[in-house]
Participant: 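Below is one structure. I have some questions about it.
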Amino acid sequence: MEVIVNKLKNSGKYFRLLIILGLLFMITASIIFIGIYVYARTLGPPPLAVSQSTIYYSDNGSIIGESSNGQKRYWVSIDDISPYLVDATVSIEDKNFYSHHGFDYKRIGGAILADIKAMAKVQGASTITQQYARNLFLEHEKTWTRKIAEAFYTLRLEIFYTKDEILEGYINTIYYGHGAYGAEAASQYYFGKESSELTLAEATMLAGIPKGPSLYSPFASMENAKKRQGIILNSLIENGYITEEDKKIALNEELSLVGKFPNASMETAPYFQDAVKNILKNQLHLDDKTIQLGGLRVYTTLNTEQQKIAEETINHTINKDSTIQIGFVAMDPTTGYVKALVGGRDYEESPFNRAIQATRQPGSTIKPLLYYAALEHGFTPVTMMSSEKTTFRFDDGSDPYTPHNFNNKYADGNITMAQALAVSDNVYAVKTHLFLGQDTLVKTGKRFGLTTDLQEVPSLALGTSNVRVIDMANAYSMFANGGNSVSPVFITKIETNDGQILYENKAKKEKVLDTDLTFVMNQMMTGMFDPNLNGYASVTGSTVKNDITRIYAGKSGSTESDSWMIGYTPQLVSAVWTGYDQGEPITLTADKTYAKKVWVQFMEQSLKEEPIKGFTPTKGTVGVYIDPKSGKLASNACETKRMMYFTKETVPTEYCADLPKDDSSDKPANNDKGAKEKVPWYKRILPW
C-alpha cells in the first residue's frame with residue numbers, strides 16, 4: 001500500500017511538472033508570437049511589387065506593342081474579373097479563405113495525416129495567402145528556411161491587407177501556363193477575351209490550370225483539362241456557389257480556344273517603339289527592369305493609320321530588289337507629336353533607325369533656313385542676284401570654291417530669291433550665305449533645332465554638313481506652325497498600373513521666329529510646285545505637281561548620295577530621306593525619285609479626309625501680284641504674274657512696265673486696305 005501511495009505521489013509530481021512545462025511552453029510561444037507580430041507590425045506592409053508587362057498605346061488608345069521579356073502580365077481589379085473565376089479559385093484552392101487568418105490549421109493537420117498514411121507528400125495545405133506570399137517574395141524550393149519565410153510573409157499580408165486585396169493579388173500573379181501570368185493574360189491567351197467576360201465553363205477550365213499547367217492546359221491535354229474542370233465544378237456545388245443545372249450547362253458548353261496573345265499581332269512601328277524605349281531609358285532615366293516589367297502604361301503620339309500609310313507607301317514605291325534605304329518622319333507641327341516614323345525598309349534585317357540615328361547631308365533642304373535668315377537681314381522674295389557659273393575666291397587663303405547647278409544650267413542673268421528657291425539655284429544660295437556671313441546659317445540651324453554640328457564653310461549653303469531626318473522635320477514644323485518653338489514628342493503620358501502619373505508631356509509655346517517672315521517663307525516655299533516661277537529650269541516639284549490636290553510648301557534636296565523631300569501643310573509635316581547606308585552614289589534615275597514619290601503619296605492619303613488649309617496671311621504682310629521675271633509689280637504688260645507676299649515695309653514699288661500708276665488693275669493687293677480687284681482666297685494662296 002505504501003508503494004502505491006509513493007507512486008501516486010511521484011506521478012502527481014510528474015503531472016504537475018508536465019503542467020508547468022506546458023504552461024512555460026505556452027508562455028514562451030505566446031511571447032515569441034507576440035514578438036513576431038510586433039516585429040511584423042513594425043516592418044509595415046510588404047510591397048506588392050509584381051512584374052507586369054509594359055504596354056504601349058497609340059494616340060487613339062489602341063495597343064501597339066508591349067515589352068514583357070517573354071512573360072505576359074496584366075493587373076486588373078478583382079471587380080473586373082469574372083465572379084465565376086473568383087469563386088472557382090477560392091473553392092478549389094482554399095475554401096476557408098475568408099474565415100482563416102492566413103493558415104488553415106485543420107487543413108494542415110489533415111494534410112499531415114494523409115502524408116503519414118501514404119508515406120509520401122500527397123496533399124498540400126497552403127492557403128491562398130501562403131501561395132501569394134510565395135509568388136511575391138520567394139522561390140519555390142522545398143526548404144525549412146523558405147517555409148519559415150513564407151509563414152512570416154503570410155502573417156504580414158494578413159495583418160496589412162484585406163482578404164479581397166490578397167485574393168486580387170493572387171489571381172493576378174498565379175501562372176496559367178504558356179507565359180501567361182494572372183487571370184487577364186490567361187483569359188486573353190486561352191479565350192481571346194477579357195477576364196471579366198469569362199463564362200462559367202471558361203472560368204472553371206482556367207481555374208484548374210495552375211495546379212499543373214503542363215498537365216491541365218487544354219493545349220497540353222484536353223482530357224485532363226476536362227477532368228479537372230469537372231472536379232472544380234463539383235467543388236463549386238459542394239461549397240454552394242452553383243447548382244447541378246449550372247454544372248450541366250458548363251460541361252456541355254463548346255469552348256472556343258485561341259492559343260495566342262492578341263497583342264502579339266498588334267506589334268507595329270518597331271522603329272518608333274525603339275525610339276520610345278530609348279527615351280524611357282536615356283531621357284526619363286528609367287531602368288531596364290522597370291521598362292520591361294514595370295507594368296507601365298506608355299501613351300505615345302503614334303497615329304496608326306498614318307503609320308500604315310507610310311509603311312505601305314514605302315513598300316509599294318521602292319523596288320523590292322533595290323538596296324536603297326529610307327528614313328521617314330511625320331509630325332504634327334503644332335504640337336511636335338511624331339505621328340509616323342520609319343527607320344528603314346526591314347526592321348528584322350536592320351534595326352538601325354535612319355530617321356533618328358543616321359546623319360546625312362541635307363542638300364538643298366537646308367536652303368529655307370538660309371533664306372529665312374536672309375529675310376531677317378533685309379532680303380525679300382524678289383531680291384535679285386545673278387545666276388551664272390561663279391568661282392568664289394577668299395582673302396583668308398581658303399581654296400577657291402565653284403558651286404554647280406543641276407545639269408550645269410544657269411540663268412546667266414538675274415533671278416529672284418523666290419525663283420532661286422523654286423528651281424534650287426546653288427549659285428544664288430552660296431552668294432546669300434557668304435553675304436550673310438558663314439556663321440549666320442550655323443546659328444540659324446541651332447535656332448531651328450538642328451542638333452548636329454554645322455561647319456562654317458561656303459558649301460554649307462548647299463547642305464554639306466550632316467543632319468538627322470527628325471531634326472529637319474522639326475525645323476520645317478517651325479515654318480508650318482507660324483514660328484513657334486517645337487520639339488519632337490513621342491510620349492504624351494506614362495502611368496503605373498494603378499493609374500499614378502509618372503510623366504506627362506506639357507508643351508511650352510514659345511515664339512522663336514518672326515511671324516510675318518515665317519508666313520513669307522511659307523508662301524515662297526509653295527513655289528517649288530508653281531510652273532509660273534520657272535525660268536531657265538523647271539521648278540523642283542514639277543514631277544509630282546500633278547499628284548497634289550491641296551496647298552503644300554516644301555523643298556527637295558539632293559547630293560551625290562542623298563535624296564530628300566520635306567513638305568508640309570499647317571496640319572502635317574513629313575520628311576523623307578533615301579540613300580545607301582554606306583554612302584554610295586545614287587546613280588539610277590528611279591532611285592532619285594523615291595523621296596518625292598513617297599512624300600506626295602503619304603501626304604495625299606493622310607490628309608484626304610482633312611479640310612484643305614492654306615497658310616493664312618499675317619497682319620504685317622501684304623500680298624501683291626509680281627512679275628516673276630523682273631521681280632517687279634505685275635501689270636497687264638507682263639507675260640505672267642504670281643501673288644507673292646512681303647512685309648509691309650518691303651513691298652516693291654516699281655512695275656514691270658511703265659504704265660500709269662493710277663491703273664487700278666495693276667495696283668498691289670494690300671491686305672490691310674483691300675484690293676479693288678477681288679481675287680478668290682485660293683488664287684491668292686495658290687494662283688496657278
Side-chain angles (χ1 to χ4, degrees), residues 318 322-329 342-344 352-373 392 398-399 401-408 420-421 423-434 438-476 525 528 540 554-567 573-589 591-596 598-599:
I318 300 179
S322 174
T323 58
I324 205 164
Q325 280 294 349
I326 190 165
F328 174 94
V329 176
V342 179
F352 178 69
N353 194 331
R354 296 158 186 84
I356 295 177
Q357 295 173 283
T359 59
R360 302 296 294 247
Q361 292 184 352
S364 293
T365 59
I366 200 73
K367 290 176 182 175
L369 279 64
L370 171 67
Y371 292 148
Y372 174 81
F392 296 90
S398 300
D399 292 336
Y401 177 57
T402 306
H404 296 277
N405 281 348
F406 180 70
N407 287 337
N408 286 312
L421 184 60
V423 302
S424 203
D425 188 277
N426 288 337
V427 176
Y428 191 108
V430 174
K431 285 183 176 180
T432 303
H433 177 50
L434 296 176
Q438 297 182 53
D439 63 329
T440 299
L441 182 52
V442 174
K443 294 174 182 177
T444 303
K446 298 302 179 185
R447 287 172 61 194
F448 276 86
L450 302 187
T451 58
T452 50
D453 292 329
L454 304 181
Q455 303 300 312
E456 292 186 21
V457 293
S459 62
L460 178 60
L462 310 185
T464 55
S465 286
N466 289 351
V467 297
R468 294 183 173 87
V469 177
I470 195 163
D471 286 350
M472 293 301 290
N474 186 70
Y476 277 54
M525 288 171 70
M528 73 168 289
T540 54
K555 187 71 187 76
S556 60
S558 62
T559 70
E560 185 180 41
S561 56
D562 305 276
S563 180
W564 291 75
M565 178 63 207
I566 313 174
V573 174
S574 64
V576 187
W577 165 86
T578 56
Y580 298 102
D581 280 338
Q582 302 305 318
E584 303 95 297
I586 302 175
T587 56
L588 297 177
T589 302
D591 289 356
K592 296 178 180 179
T593 66
Y594 288 144
K596 289 179 184 175
V598 168
W599 175 83

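Worth saying up front: this structure is predicted, and the values here are computed from it rather than measured.
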Participant: What residues form a side chain to side chain donor-acceptor pair (under 3.5 Å) with Thr323, not counting sequence neighbours?
Facilitator: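 Result, side chain to side chain donor-acceptor pair (under 3.5 Å) vs Thr323: none returned.
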
Participant: What distance do Tyr401 atom OH and Leu434 atom CG have between them, rounded to the nearest 0.5 Å?
Facilitator: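 Output value for this atom pair is 9.0 Å.
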
Participant: Taking all atoms of both residues into account, what is the closest heavy-atom pair of Pro362 and Val467, and its distance?
Facilitator: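 Of all heavy-atom pairs spanning Pro362 and Val467, the closest is CB-CG2, 3.6 Å.
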
Participant: Mind checking what makes side chain to side chain contact (heavy atoms under 4.5 Å, CB included) contact with Glu560, not counting sequence neighbours?
Facilitator: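 By the side chain to side chain contact (heavy atoms under 4.5 Å, CB included) rule, Glu560 matches Pro585.
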
Participant: Please name the pair of heavy atoms, one in Tyr476 and one in Leu369, separated by the smallest distance, quoted to 0.1 Å.
Facilitator: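 Looking at all heavy atoms of both residues, the shortest contact is CE1-CD1, 4.4 Å.
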
Participant: Rounded to the nearest 0.5 Å, how far apart are CD1 of Ile586 and CD1 of Ile324?
Facilitator: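 Going from CD1 on Ile586 over to CD1 on Ile324, the span is 4.5 Å.
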
Participant: List in chain and number order the residues that pass salt bridge (charged side-chain N to carboxylate O under 4.0 Å, His left out) with Asp562, two or more places apart in sequence or in another chain; answer none if no residue qualifies.
Facilitator: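 Listed in chain order: Arg360.
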
Participant: Verify the distance criterion only: is there a donor paired with an acceptor across the side chains of Thr452 and Asn466 at less than 3.5 Å?
Facilitator: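 There is no such pair between these side chains.
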
Participant: Starting at CD1 of Ile566, measure out to CD1 of Ile366 and round the result to the nearest 0.5 Å.
Facilitator: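 That separation rounds to 8.5 Å.
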
Participant: Between the side chain of His433 and the main-chain N/O of Lys367, is any donor-acceptor distance below 3.5 Å?
Facilitator: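 No, because the side chain of His433 does not come within donor-acceptor range (under 3.5 Å) of the backbone of Lys367.
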
Participant: Could you pull out all residues at least two apart from Asp581 that satisfy side chain to side chain donor-acceptor pair (under 3.5 Å)?
Facilitator: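 Partners of Asp581 by the side chain to side chain donor-acceptor pair (under 3.5 Å) criterion, ordered by chain and then number, come out as Arg354.
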
Participant: Just verifying a value: how many Å separate Phe392 CZ and Asp399 CG, rounded to the nearest 0.5 Å?
Facilitator: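 If I round to the nearest 0.5 Å, the distance is 15.0 Å.
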
Participant: If you compare all heavy atoms of Asp591 against all heavy atoms of Thr578, which two are closest, and at what distance to 0.1 Å?
Facilitator: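 Nearest heavy atoms, Asp591 then Thr578: O-OG1, 4.2 Å.
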
Participant: Find out whether Tyr594 and Val576 are in side-chain contact, i.e. whether some heavy atom of one side chain is under 4.5 Å from a heavy atom of the other.
Facilitator: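 With C-beta onward as the side chain, the pair stays apart.
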
Participant: Which residues pass the side chain to side chain contact (heavy atoms under 4.5 Å, CB included) test with Met565, sequence neighbours left out?
Facilitator: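 Partners of Met565 by the side chain to side chain contact (heavy atoms under 4.5 Å, CB included) criterion, ordered by chain and then number, come out as Met528, Phe529, Ser556, Ala595, Lys596, Trp599.
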
Participant: Gln357: which residues meet the side chain to side chain contact (heavy atoms under 4.5 Å, CB included) condition with it, sequence neighbours left out?
Facilitator: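 Partners of Gln357 under the side chain to side chain contact (heavy atoms under 4.5 Å, CB included) test: Phe352, Asn353.
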
Participant: Only counting residues at least two apart or in another chain, list the ones meeting side chain to side chain donor-acceptor pair (under 3.5 Å) with Ser558.
Facilitator: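 None.
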
Participant: Assess the residue pair Lys446 and Leu441 against the criterion (side-chain contact (heavy atoms from CB on, under 4.5 Å)); give the C-alpha distance rounded to whole Å, side-chain angles, the decisive distance to 0.1 Å, and a yes or no.
Facilitator: CA-CA 9 Å; Lys446 298 302 179 185; Leu441 182 52; over 6 Å; no

Participant: Taking side chain as C-beta onward, heavy atoms only, is Ser561 less than 4.5 Å from Glu584?
Facilitator: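 A side-chain contact under 4.5 Å is absent here.
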
Participant: Mind checking ring-ring contact (aromatic ring centres under 6.0 Å, His included) for Phe448 and listing every partner two or more places apart, or none if nothing turns up?
Facilitator: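 Counting only residues at least two positions away or on another chain, Phe448 forms a ring-ring contact (aromatic ring centres under 6.0 Å, His included) with Tyr372, Phe479.
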
Participant: Might you point out which heavy atoms bring Ala355 and Val329 nearest each other, and give the distance in Å?
Facilitator: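 Closest approach of Ala355 to Val329, heavy atoms only: CB-CG2, 3.7 Å.
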
Participant: List for me each residue that meets salt bridge (charged side-chain N to carboxylate O under 4.0 Å, His left out) alongside Arg468, sequence neighbours excluded, and say none if there are none.
Facilitator: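 Partners of Arg468 by the salt bridge (charged side-chain N to carboxylate O under 4.0 Å, His left out) criterion come out as none, since no residue qualifies.
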
Participant: Taking only residues two or more places apart in sequence or in another chain, which ones pass side chain to side chain contact (heavy atoms under 4.5 Å, CB included) with Ser465?
Facilitator: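 Per chain and number, Ser465 pairs via side chain to side chain contact (heavy atoms under 4.5 Å, CB included) with Leu454, Gln455, Leu460.
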
Participant: Working to the nearest 0.5 angstrom, can you tell me the gap between Trp564 CH2 and Lys555 NZ?
Facilitator: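 Atom-to-atom, Trp564:CH2 and Lys555:NZ are 13.0 Å apart.
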
Participant: Roughly how far, to the nearest 0.5 Å, is OH of Tyr428 from CG of Asn405?
Facilitator: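 Rounded to the nearest 0.5 Å, the CG-OH separation comes to 13.5 Å.
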
Participant: Minimum heavy-atom separation for Pro458 and Val430, please, with both atom names.
Facilitator: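 Reported closest heavy-atom pair: O-CG2, 4.1 Å.
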
Participant: Applying side chain to side chain donor-acceptor pair (under 3.5 Å), can you list everything that pairs with Asp439, at least two apart in sequence or on another chain?
Facilitator: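 For Asp439 the side chain to side chain donor-acceptor pair (under 3.5 Å) partners, ignoring immediate neighbours, are Lys443.
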
Participant: Residues in salt bridge (charged side-chain N to carboxylate O under 4.0 Å, His left out) with Lys592, at least two apart?
Facilitator: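 So Lys592 forms no salt bridge (charged side-chain N to carboxylate O under 4.0 Å, His left out) with any residue.
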
Participant: List the atom of Ser364, the atom of Asn426, and the distance in Å for their closest heavy-atom pair.
Facilitator: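 Closest approach of Ser364 to Asn426: OG-OD1, 4.0 Å.
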
Participant: Check whether the side chains of Thr540 and Ser424 place a donor and an acceptor atom closer than 3.5 Å, and report yes or no.
Facilitator: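 There is no such pair (donor and acceptor under 3.5 Å, judged by atom type) between the side chains of Thr540 and Ser424.
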
Participant: Just wondering, do Ser574 and Phe328 contact through their side chains at under 4.5 Å, heavy atoms?
Facilitator: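 Yes, close enough: below the 4.5 Å cut-off.
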
